Amino acid sequence: MSLYLDHLATLQRQAETALERTGFDALLIASGIEKYAFLDDRPYLFQPNPHFKQWLPLTQHPHSWLAVRPGRKPRVVYYQPDDYWHVPPSAPSGEWVDAVELVVIREPEEAARALGDCVTPRTAIVGEADAALAGLIPNNPEPLLNLLHWARGVKTPYELAQMRAAQRLAVPGHNAARAAFLRGESEAGIHRAYLVATGHTDRDLPYGNIVGLNEHAAVLHYQYQDERAPAEPRSFLIDAGAQVNGYASDITRTWVAPGHDEFAALVAALDVEQLGLVDEVREGVDYRDIHLSAHRRIARVLRGAGLVAMSEEAMVAEGVTRPFFPHGIGHLLGLQVHDVGGFMAGETGGVADKPEGHRYLRLTRTLQAGMAVTIEPGLYFIPTLLRELRASRHAAQVDWTKVDRLSCYGGIRIEDDVVCRAVGEAPENLTRDAFAAIG
Ligand code: GLY
Ligand code: MN
Ligand code: MN
């Protein structure tokens, strides 16, 4: 059986179990709708319902629907308008077509009739409120969504194949971006080089590229791209991914211009610790422990570089690593860059708390084989956070001359996408594998 058909069979099984356990007869999933700017006729970029694109490799298909019922082929209500203003979705094609019962509609409202026989008083309808049609009002039942979101944490072989492909698409972009940086191009120029090399446009990216030169690397989600190159490009942080059939990659690299050896040594030291953290992605490990391990490892880097003169234990206990590493070590990855379900305590819901004082951690679950996560330690020189440290009782332990000297590089983040494997097996580093294969 093909990977896709096997994936579909897994989703059908999971959905049937979830329906039975929560007392629903059917699951309807809306692909989503196009949203428009206020008082305007310009649509925002379409963002599909992730539940929809998990079943079908259809990512630019507003107003379509999927119906799942026990023991039946899924029904796809495929919206294909007669539209001469835009390119409508092409005629349905691909492996999915034969695996479903297909109904093509020309108007969004026709979906209500095309799904009428699937609707009972116990129908779960998953979608945004805006997707509502007469008779099809999303109710998003939480007990059912919990079961589906929990299951989504573990990827099927088909999903892992899409995610490997999303790495292979992004890596040439990263290589081209690095070359553009070394040529002295602006952030905007580097961004364009990335798009050309990936074959993506901004519409295809799984999130807006983060392209920061020098001090801009200190802004965690730096959202602009300067057209003017700095007089002296010293450092370059790029956080950029790609998408294949709705599945994302999420990769960060930090590059250093020749001759900036002190900062380059810091990047190399963090790289060693990042690889150590990747190796901690093992079945049965509490991901929160990897986050706490990251703080210990960053303490080691800070101490080794002579930035902070405290023991590693004291640095972590006193929170001195936090201003340098003020985000989580990573998150679930898949249909969404920050995939759902990261805080679930179990398949029926509940919350697994973040460690106290670590509010930006996005994953608190125990790792299972087949989970895809990011591992993205950082070490930054962020002016507002350093001001607080400078005013704290630990200020005397910090070498401020060194901090000031390194602040012009902004910071470092190194992010790989990693798949947890069975007990005793080393994790699969999707990102490094792709870099090694592509060169
Ligand atoms: N690109 C966003 C993140 O790394 O979480
Ligand atoms: Mn990222
Ligand atoms: Mn990430």
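None of these values were measured; they are calculated from a predicted model. Start at 1 and go down the list; that is how both ligands and their atoms are numbered.
Between H338 and H221, the ring planes are parallel. Angles under 30° get that label, and only those over 60° would be called perpendicular. Using the six-membered ring where Trp is involved, Y4 and H7 have ring planes that are tilted, between 30° and 60° apart. The aromatic rings of H216 and Y222 lie parallel to each other, with less than 30° between the two planes, well short of the 60° mark.
The distance from the CG atom of D271 to the CZ atom of R253 is 7.0 Å, given to the nearest 0.5 Å.
When each atom of ligand 1 is checked for a heavy atom of D239 under 4.0 Å away, the hits are 1 (N), 2 (C), 3 (C), 4 (O). Near E415, with a cut-off below 4.0 Å to any heavy atom, the atoms of ligand 1 are 4 (O).
Atom OH of Y36 has more than 12 neighbouring heavy atoms from other residues, nucleotides or ligands inside a 6.0 Å radius. Heavy-atom neighbours of E142 CD from other residues, nucleotides or ligands within 6.0 Å: at or below the threshold of 12.
Checking only distances, H338 does come within under 3.5 Å of ligand 1, N or O to N or O. Polar contact with ligand 1: present for E376 (N/O pair, distance under 3.5 Å). At under 3.5 Å, not a single nitrogen or oxygen of H221, backbone or side chain, sits near a nitrogen or oxygen of ligand 1.
Angle NE2 (H331) to the Mn ion (ligand 3) to OD2 (D250): 90°, rounded to 10°.
Looking only at N/O/S atoms, E415 comes nearest to the Mn ion (ligand 3) through OE2.
Looking at atom 3 (C) of ligand 1, its nearest protein heavy atom turns out to be D250 OD2, 3.4 Å.
Note on E376: not counted as a metal contact of the Mn ion (ligand 2), no N/O/S atom lying under 2.8 Å.
Between R228 and D226 no salt bridge is recorded (no basic side-chain N to carboxylate O distance below 4.0 Å).
Residue contacts with ligand 1: H331 is included, with a non-hydrogen atom under 4.0 Å away.
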